[in-house]
Amino acid sequence: MKGLVAFLCISVLTGCVKKTSIENDFIRENVEFAQAQIGQEIEYIENSGKVLNPVTLKKDGSVYYCSYSDWRSGFFPGSVWYLYELSGEETLLPVAIKYTEALEEAKKLFWHHDIGFIIEASFGNALRLTNNKRYEEVIVEAAQTLSTRFREQSGTIQSWNVDKGWQSERGWECPVIIDNMMNLELLFHATKLTGDSSFYKIAVSHADRTMQEQFRPDGSCYHVIDYDLTTGEVRNRHTAQGYAHESAWSRGQAWAIYGYTLCYRETGDRKYLDMAVKAFDFMKNHPDMPEDLIPYWDMDAPEIPNELRDVSAATCIASALYELSTMHIDNAATYKAYADKMMLSLASPAYRAKLGENGHFLLMHSVGSIPHNAEIDVPLNYADYYFMEALKRKNEQEQ
Ligand code: GLY
């Protein structure tokens, strides 16, 4: 009987997306909360007559809205896509389309590497849920743009330019940050859409060199590796957003776990799975990992336990763990159990906002960059995005 009910739920078509069956009360309650909280933000945006893109709260408590070129511009549209998928609420479809299409110019962003975050969260989800072929062109053009940042000598994509801003003051030549692993998803996607293996080859080259240079023997990673553009040799191993060059910045660790998990998904190469597990094991076995599994912003921050947590690192790790738990891996169920425990913490009043508060973001207590004195103990749209993705992945496994 239960199977028949599930079949009937899964089979109901609403618009372009199949209505998702949710049998777990925890997931249902969180989706309902997200529908109410994000719904209030959508209402505000729609009433403004503009296409606003919420990122975080400013120091005065008002919402910071970004332009298409900000590395975080894909996450709010992406959260609306996940909400549409999980709730089956048809009125969300035109909104998700509008917020996504407002970002199309991002496909030409050649001056930073984050085009992968932007395009995959927005157009990637849009294509998956609508199959609109026009979105394929955006994804492929974005991958071509990202490929212009590939540097043959180092075999990596250059993350940041060094001709302006605070990056120009660090003495770097070709900085590559661990975050860049996330942008590889766009390249793999473009190869699948076109059959052109050049994108795939760049992604694999980047993943391999990063694995070689960016990790310490214990599985923790450096935030920034600076390469010599002429020789391809490493010039510096630094941090930008962590506590110290030799510390373990938690969101960097999250990008590594998620990034190598996706590399294994896309290539089937076991070494990437092993890297993802090693990076996660570092966090799991860390003596200072709190009981509720929400990491400190840096696992070497000097005042632990009186340091801030970073919810964005937690949601990204939780989402990656749900995927890891579906892979050919020893003790796969333990990865899901760990993610489930993280999600319980995240959805508790300690981290999840009250309806109508927190600038209509779902989660509180993330950290953007303490060294830059920016976005400290605030909501962040990428924390919410990976929370929604984790809910979706958890739900798929519990059908
Ligand atoms: N990708 C930038 C950050 O993680 O803050």
Side-chain angles (χ1 to χ4, degrees), residues 53-57 64 66-76 78 106 109 111-122 142 146 149 156-162 165-167 170 172 175-186 206 210 214 220-226 238-244 247-262 279 283 294-299 301 308-320 361 363 365-387 389:
N53 197 327
V55 175
T56 185
L57 287 181
Y64 172 69
C66 72
S67 78
Y68 74 89
S69 63
D70 188 302
W71 78 274
R72 301 159 298 184
S73 65
F75 293 118
F76 181 69
L109 273 177
W111 53 270
H112 67 64
H113 67 136
D114 285 319
I115 188 168
F117 276 112
I118 297 171
I119 296 294
E120 279 300 306
S122 55
L146 180 58
R149 300 187 65 81
T156 59
I157 295 160
Q158 180 167 349
S159 298
W160 291 324
N161 288 358
V162 292
W166 62 267
Q167 287 97 336
R170 298 294 299 264
W172 295 327
V176 174
I177 61 175
I178 191 66
D179 323 30
N180 208 330
M181 289 301 303
M182 303 293 284
N183 291 314
L184 304 185
E185 192 158 34
L186 173 68
H206 184 96
T210 298
Q214 206 125 6
S220 67
C221 61
Y222 291 93
H223 184 198
V224 186
I225 303 293
D226 174 34
H238 281 174
T239 196
Q241 286 163 251
Y243 166 65
S247 73
W249 175 52
S250 291
R251 195 165 56 254
Q253 213 62 28
W255 298 142
I257 298 164
Y258 193 117
Y260 280 98
T261 301
L262 83 82
M283 296 300 273
I294 309 305
Y296 294 102
W297 70 279
D298 188 306
M299 296 309 289
L308 292 169
R309 310 296 188 86
D310 182 11
V311 158
S312 73
T315 60
C316 179
I317 292 172
S319 184
F361 295 96
L363 300 174
H365 304 313
S366 288
V367 167
S369 181
I370 285 183
H372 296 93
N373 194 24
E375 297 155 6
I376 298 172
D377 197 15
V378 289
L380 287 168
N381 64 359
Y382 44 100
D384 287 3
Y385 174 82
Y386 290 107
F387 181 70
E389 185 179 78

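Whatever order the structure lists ligands and atoms in, that order sets their numbers, starting from 1.
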**Request:** Just jot down the ligand 1 atoms closer than 4.0 angstrom to any heavy atom of Gln241, in number order.
**Result:** 3 (C), 5 (O)

**Message:** Please report the interatomic distance CZ(Phe76) to CG(Asn53), rounded to the nearest 0.5 Å.
**Reply:** 7.5 Å

**Asked** With a cut-off of 4.0 Å, which atoms of ligand 1 are near a heavy atom of Arg251?
**Response** 3 (C), 4 (O), 5 (O)

**Asked** Roughly how far apart are Trp249 CH2 and Trp297 CH2, rounded to 0.5 Å?
**Response** 10.0 Å

**Fill in**
Taken to the nearest 0.5 Å, the spacing of Leu109 CG from Asp114 CG works out to 9.5 Å

**Donor + acceptor pair across side chains of Thr56, Glu375 (<3.5 Å)** = no

**Fill in**
Among non-hydrogen protein atoms, atom 1 (N) of ligand 1 lies closest to Asp179 OD2, 2.7 Å

**Prompt:** Purely on distance, is any nitrogen or oxygen of Trp71 under 3.5 Å from one on ligand 1?
**Reply:** no

